Amino acid sequence: MDTLTDDRIKKGLSVFGKRMDGKLFSHLNSCVHCGLCAESCIYYLAEPKGKFIPAVKVDLISSVYKSYLTFTGKIAPWLVGARKLEEKTVSEMIDLFYGACTLCGRCVPHCSIGVDISFLVRKGREMLARMGYVPQTLQNTINTALSTGNNMGISDQEITETLKWLEDDLRFEVNDEDARIPLNEKGKKILYTLNPREPKFFPLSVSAMAKIFHTAVESWTLSTRMYDVTNYAYYSSNPDDAAVITNRLFDEMNNLEAKTCVLAECGHGSRAFRWEGPNYIGKAYPFEVITSVELLANYIQEGRISVDPGRITEPVTLHDPCNLARTGGIWKEQRFILNRCVQNFVEMTPNGIDNLCCGGGGGQLAMSEYNERRMKIGKLKFEQIRQTGAKIVVTPCHNCVDQLTQLNVQYKLGIQIKTVAEIVGDAIITDKKPKQSSDEKPLNFVLNNE
Amino acid sequence: MNPYLWFATAALFFCLSGCFYHFFRLLEYGKPPDLSKPLGEIKPAVRYALTRAMDPRKKESAYLHLPTYTAGIVYHIGSFISMAVFILIWLRFVQFGPSRFFLSAFLFISALCGAGILIKRIVKKELRNLSNPDDYISNILVTCVHAITAVTLIRFSLFPVYFVTAGILLFYIPLGKIRHTVYFFAARYQLGVFYGRRGVWPPK
């Protein structure tokens, strides 16, 4: 760890200074140390050690706050457990905030008081980021995104070539020489984004969406300049880096004059752009933002695509990404889709907004120094999957796909892992003409009681 | 006015001033601006956060720890009763009638619950490591007030002890963790705003 200087301390404490607001102030002062949050945390469930109790993380950041900003903390720090920002404290913060939390937020609705624990962990990460203590493995991914425009460092030439051969593939698959993957076209209804892992490692999910867009006769485009849905600075909680990355997609939406930004299947990317992004850049978006899951649900509901559930007969289960379901409000849509695309859909328990995190969130996949912990907590998800008897696990998040893939190998699950787009792509009937849809009609999925 | 009542009066005003100070600071800091486009509505979500979201059947902190949860509920009800009794006595209303036996019995039980929670905090290593002196002092003071109120309702001659004990607690409230009395509602409100905007609460 680099030396903790007075300047670094001042930068870290600025989170409590002029950046303090009513939300942070409330949560810093609310925890009563009951410890009843323990069993809601996957880290604690995987390894029942006191340090993994979520309240310990709350106490860590609030103890620093008390030391510098409360009367009792200043005159009697021993009374309230106030702690100065010293090397030992910072070291503990790095280990717990970056290395022992996926920001899944499962502890939050279960907390006796209602402390937004994951929000406080992110604030703790922000303190560390401002002090320059982001784990290097995570910062490297962010630096790649900042310097190349995507977190995998894929060049313009590489992405264009990849998308061109996927276009050839699409034409063959749908038997239509006019089928296209439009690139950099202005004035389209949809600008679709990608997780860079897709063109690099999972091109089938790009193909699937291209097939769906073609079948739905959608007005859409990709951008080869800025397509990355991810924002790893959300994980580091460096708002300056996060703003740079958000602005790029924001600017590209405006450059291409698209009406709706459709976010590829990525939990943190959806959250970072849709929910945090306007606050990173200090402006509301003049365009619509939806996730691809909502779009696919809309297509099926509106009859713009038809699907045949008879094609997928193996038992299928669903892993809900935390940032999409619990903190994004999107959990009915993927169920609507699966109930129409597969014959045998089996829920995990718990699921939806109470799901268990797969263990891959919070930047854990980028931080190799915490791999052992990550695979340990992933065992809980392995157990959930095993209990369903499913042969296919669907998840609308590429980080989750990555984590589940590694769990599949480690724990010998013998399953296939697919995105929602791939399932729809497998079930879609491509030779059925879609219902006419007005360009002006919004792409909202209307929730009925299912 | 006797000196014990003066002490309790001073403590009450200190407590109220302190709590209002915390409350006004909260208001001063204000709600953080949120420029994202909401998916749901805030008002029903805040109502949900303050009511059904705390249903013990929904919260693992409750149903996985029923004895502790129940003791905590009884303890909190005892605190509200103690506070109400203090205000009434401070206002010189001491005609509790036969109800004082019921109130006394309940406060005796809530004091036992407080003692049980304290013992758990001392005995469980994980809780001990999470705790600081404020946690123990807060619990001891509140439990003592429950107990002394229970006894005073039966034996009014204990008023001096009662006012001193209650006074010490009232002085302590704004300084330690018991000020969560103010922040609890703010935290629930903030949760309602957060989940409401995102269409998570109330559940669809």
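Side-chain atoms are counted along with the backbone in the values below, which use heavy atoms only and exclude waters and symmetry mates. Treat the numbers as computed from the prediction; the structure is a model and nothing was measured.
- Of the listed residues Leu28(A), Thr70(A), Thr72(A), the one with more heavy-atom pairs under 4.5 angstrom with chain B than any other is Thr72(A).
- Ala325(A) touches chain B through its backbone: at least one of N, CA, C or O sits under 4.5 Å from a heavy atom, while the side chain does not.
- You'll find the side chain of Asn29(A) stays beyond 4.5 Å of the side chain of Lys177(B), heavy atoms only.
- The two residues Leu79(A) and Asn132(B) make their nearest non-hydrogen contact at O-OD1, 3.4 Å.
- With a 6.0 Å radius and a threshold of 12 heavy atoms from other residues, nucleotides or ligands, Tyr63(B) has its OH atom above the threshold.
- Counting heavy-atom pairs closer than 4.5 Å to chain B, the top-ranked of the candidates Cys37(A), Cys111(A), Gly277(A), Cys31(A) is Cys111(A).
- Annotation: Glu41(B), atom CD; neighbour count of heavy atoms from other residues, nucleotides and ligands within 6.0 Å does not exceed 12.
- For the pair Lys204(B) and Trp331(A), the cation-pi criterion (under 6.0 Å, within 45° of the ring axis) is fulfilled.
- For Phe23(B), the CZ atom counts as loosely surrounded, since its 6.0 Å shell holds 12 or fewer non-hydrogen atoms of other residues, nucleotides or ligands.
- Nearest heavy-atom pair across Asp21(A) and Tyr29(B) is C-CB, 3.6 Å.
- Of the residues considered (Ser40(A), Ser112(A), Cys107(A)), Ser112(A) shows the highest number of contacts with chain B, using heavy-atom pairs under 4.5 Å.
- Each of Ala187(B), Ser138(B), Gly199(B) has some count of heavy-atom pairs under 4.5 Å with chain A, and the biggest count is that of Ala187(B).
- Within a 6.0 Å radius of OH in Tyr4(B), no more than 12 heavy atoms belonging to other residues, nucleotides or ligands are found.
- Most heavy-atom pairs under 4.5 Å with chain A, from the set Asp134(B), Leu191(B), Leu130(B), Val182(B): that is Leu130(B).
- Contacts between Leu175(B) and chain A at a heavy-atom distance below 4.5 Å involve backbone atoms as well as side-chain atoms.
- The local environment of CZ in Phe108(B) is sparse, with at most 12 non-hydrogen atoms from other residues, nucleotides or ligands closer than 6.0 Å.
- The line from OG1 of Thr327(A) to OH of Tyr195(B) is 7.5 Å long, rounded to the nearest 0.5 Å.
- When heavy atoms are compared at a cutoff of 4.5 Å, Tyr44(A) approaches chain B solely by way of its side chain, counted from C-beta outward.
- Put simply, CG on Asn279(A) and CG on Asp34(B) are 4.5 Å apart, with the number rounded to the nearest 0.5 Å.
- Summarising the local packing, OH of Tyr136(B) is surrounded by more than 12 heavy atoms from other residues, nucleotides or ligands at distances under 6.0 Å.
- If you measure heavy-atom distances from Ile178(B) to chain A, you find no contacts under 4.5 Å at all.
- Scanning both residues, Val200(B) and Arg326(A), for their nearest heavy atoms gives CG2-O, 3.3 Å.
- With contacts defined as side-chain heavy-atom distances shorter than 4.5 Å, the pair Tyr189(B)/Ser26(A) does not qualify.
- Between chain B and the options Glu276(A), Lys66(A), Arg271(A), Lys51(A), heavy-atom pairs under 4.5 Å are most frequent for Arg271(A).
- Highest contact tally toward chain B, considering only Asp59(A), Val32(A), Ile353(A), is held by Val32(A) [criterion: heavy-atom pairs under 4.5 Å].
- Closest of all the heavy-atom pairs between Lys283(A) and Leu35(B) is N-CD1, 3.5 Å.
- Contact tally against chain B (heavy-atom pairs below 4.5 Å) for Val108(A), Val80(A), Ile330(A): the top residue is Val80(A).
- Using a 4.5 Å heavy-atom cutoff, the side chains of His180(B) and Ile113(A) are in contact.
- With values rounded to the nearest 0.5 angstrom, Cys34(A) atom SG is found 8.5 Å from Lys120(B) atom NZ.
- Checked against the 6.0 Å centroid threshold, Phe25(A) and Tyr183(B) count as a close aromatic pair.
- For Arg25(B), the parts sitting under 4.5 Å from any heavy atom of chain A are the backbone and the side chain alike.
- Taking the side chain as every heavy atom from C-beta outward, Ser30(A) and Phe184(B) never approach each other to under 4.5 Å.
- Nearest approach of Ser131(B) to His33(A), heavy atoms of both residues: CA-ND1, 4.5 Å.
- A heavy-atom distance below 4.5 Å is found between the side chains of Lys23(A) and Phe194(B).
- Residues Lys37(B) and Glu288(A) have side chains in contact (heavy-atom distance under 4.5 Å, counting atoms from C-beta outward).
- With contacts defined as side-chain heavy-atom distances shorter than 4.5 Å, the pair Arg274(A)/Arg198(B) does not qualify.
- Heavy-atom contacts from other residues, nucleotides or ligands closer than 6.0 Å to CZ of Phe287(A) number more than 12.
- Across all non-hydrogen atoms, the minimal contact from Gly328(A) to Leu39(B) is O-CD2, 3.6 Å.
- Contact check for Glu126(B) versus Lys49(A): no side-chain heavy atoms found under the 4.5 Å cut-off.
- Interface residue Pro33(B): only backbone heavy atoms are found under 4.5 Å from chain A.
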